[in-house]
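Chain letters run A, B, ... following the sequence lines, proteins first and then strands; every chain starts at 1.
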Number of protein chains: 2
Amino acid sequence: MIKNKIGEMENLFKEYRLTPKRKLVLEIFLENKERHLSAREVFRLSREKGADIGLATIYRTLELLEELALLHKLNFGDGRSRYELIPVNDEEHHHHHLICLKCTRIFEVKDDLLQQLESVVENKYNFKIVNHNLQFLGYCSKCRQSEK
Amino acid sequence: MIKNKIGEMENLFKEYRLTPKRKLVLEIFLENKERHLSAREVFRLSREKGADIGLATIYRTLELLEELALLHKLNFGDGRSRYELIPVNDEEHHHHHLICLKCTRIFEVKDDLLQQLESVVENKYNFKIVNHNLQFLGYCSKCRQSEK
DNA sequence: ATATGTGCAAAGGTTTTGCAGGGCC
DNA sequence: GGCCCTGCAAAACCTTTGCACATAT
């Protein structure tokens, strides 16, 4: 089924080529949907799959996939960029992140809570919004439990 | 009046010392309230004021001021950390950022739009929220004007 | 043939760390 | 003295870039 997904994505590549190495990077994201991978992590995972892709190529691939709107670049303030897959045919679906300050794990808030807010802000500040970014910082249930 | 503000902050330093160099870093933030300064920018501004502070000291000072909850560390995805002053006696006042994708300028949304949302998220996801981070990405009025 | 893709090494930038010297309590 | 503060240089990262070679169209 991952093969199928990649097939769907193929026509998005326009003038670029969906090479085996790029395909592998996409596969890695499809197999790790719940994670937010950094360049180095993708590099390591590609090694584990037996592939031989240079780190520079990983960086260039991530940049390309972001440009093609297949990946979202995220910044959790840990000193490296992280990426997540944008589901095809679901471009309007935004979500948010809960970042635990103790265990640093990241949870997803599936709802898009900002639809209404956006128009308020757009009008008040005369600013055309095309995307947003919402993080909640705090403590997850597990970490609060173990405090006790 | 900046002297006064720094006086107010003095008692926050606990076991740490409010040295002349740290005072200067605070001064720089008080004089640039509307900006979001990076370590390098603080470094350059301190030079312009005739001070001689090492870059490493700037980094260590910013880290300390963040720990003392005088500065907020921000991440706009431009590859460096930026900081902004947290107003004393106003800890509950949150605000948000509008980031123009064309001119990269950053505007402030003074309102805190997320008060209600937070309790919804806290209950639904069993996550204790202590802070949040909201960025709107888009195009400012000036850049939309000059498009035409 | 021409354009695109890739690896390697080097370079650039930010941030952290070790160490030695200086200052304050 | 002891603890903190600081500068300098080096190191550690992440990321980008140049160049030469390979590969696909």
- Message: Could you check whether B:Arg80 pairs with B:Glu41 (Lys NZ or Arg NE/NH1/NH2 to Asp/Glu carboxylate O, under 4.0 Å)?
- Response: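 Looking at B:Glu41 together with B:Arg80, the answer is no, because their closest N to O distance does not fall below 4.0 Å.
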- Query: Does one hydrophobic cluster hold both A:Tyr139 and A:Phe107, with members joined at side-chain heavy-atom distances below 4.5 Å?
  - Reply: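 As far as the 4.5 Å side-chain criterion goes, A:Phe107 and A:Tyr139 are not connected within one cluster.
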When you check the phosphate oxygens OP1 and OP2 of [N], does a side-chain N or O of [X] lie under 4.0 Å from one of them?
X: A:Thr19; N: C:dG5; value: no
X: B:Arg40; N: C:dT15; value: no
X: A:Tyr59; N: D:dT15; value: yes
X: A:Arg80; N: C:dT14; value: no
X: B:Ser81; N: C:dT15; value: yes

Rounded to whole angstroms, how far apart are [atom1] on [X] and [atom2] on [N]?
X: A:Arg82; N: D:dT15; atom1: CZ; atom2: C1'; answer: 15 Å
X: B:Glu67; N: D:dC4; atom1: CD; atom2: P; answer: 12 Å
X: B:Asp78; N: D:dT15; atom1: CG; atom2: C1'; answer: 14 Å
X: B:Ile58; N: C:dT16; atom1: CD1; atom2: C1'; answer: 15 Å
X: A:Tyr16; N: C:dT6; atom1: OH; atom2: C1'; answer: 16 Å
X: B:Leu55; N: C:dT15; atom1: CG; atom2: C1'; answer: 9 Å
X: A:Leu62; N: D:dT17; atom1: CG; atom2: P; answer: 15 Å
X: A:Glu63; N: D:dT15; atom1: CD; atom2: C1'; answer: 10 Å

Shortest side-chain distance from [X], nucleotide among [options]:
X: A:Arg60; options: C:dT15, D:dT16, D:dG18; answer: D:dG18
X: B:Arg17; options: C:dC24, C:dT6, D:dT16; answer: C:dC24
X: A:Ala56; options: D:dA24, D:dC5, D:dT17; answer: D:dT17
X: B:Lys21; options: C:dT15, D:dT6, D:dT15; answer: D:dT6

- List the steps and the verdict of salt bridge (charged side-chain N to carboxylate O under 4.0 Å, His left out) for B:Arg44 and B:Glu48. CA-CA 6 Å; B:Arg44 193 175 44 73; B:Glu48 286 175 12; 2.9 Å; yes
- Item | Test side-chain contact (heavy atoms from CB on, under 4.5 Å) applied to B:His132 and B:His96, step by step | CA-CA 9 Å; B:His132 58 234; B:His96 314 297; 3.4 Å; yes
- Task: Determine the interplanar angle of the B:His36 and B:His97 rings, folded into 0 to 90°, and report it as parallel if under 30°, tilted if 30 to 60°, perpendicular if over 60°.
- Result: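 Judged by the thresholds at 30° and 60°, the geometry between B:His36 and B:His97 is perpendicular.
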- Closest-nucleotide 5' rank along DNA chain D - winner of B:Leu18 and A:Ala39: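 Going by which nucleotide is closer to the 5' end, it is B:Leu18.
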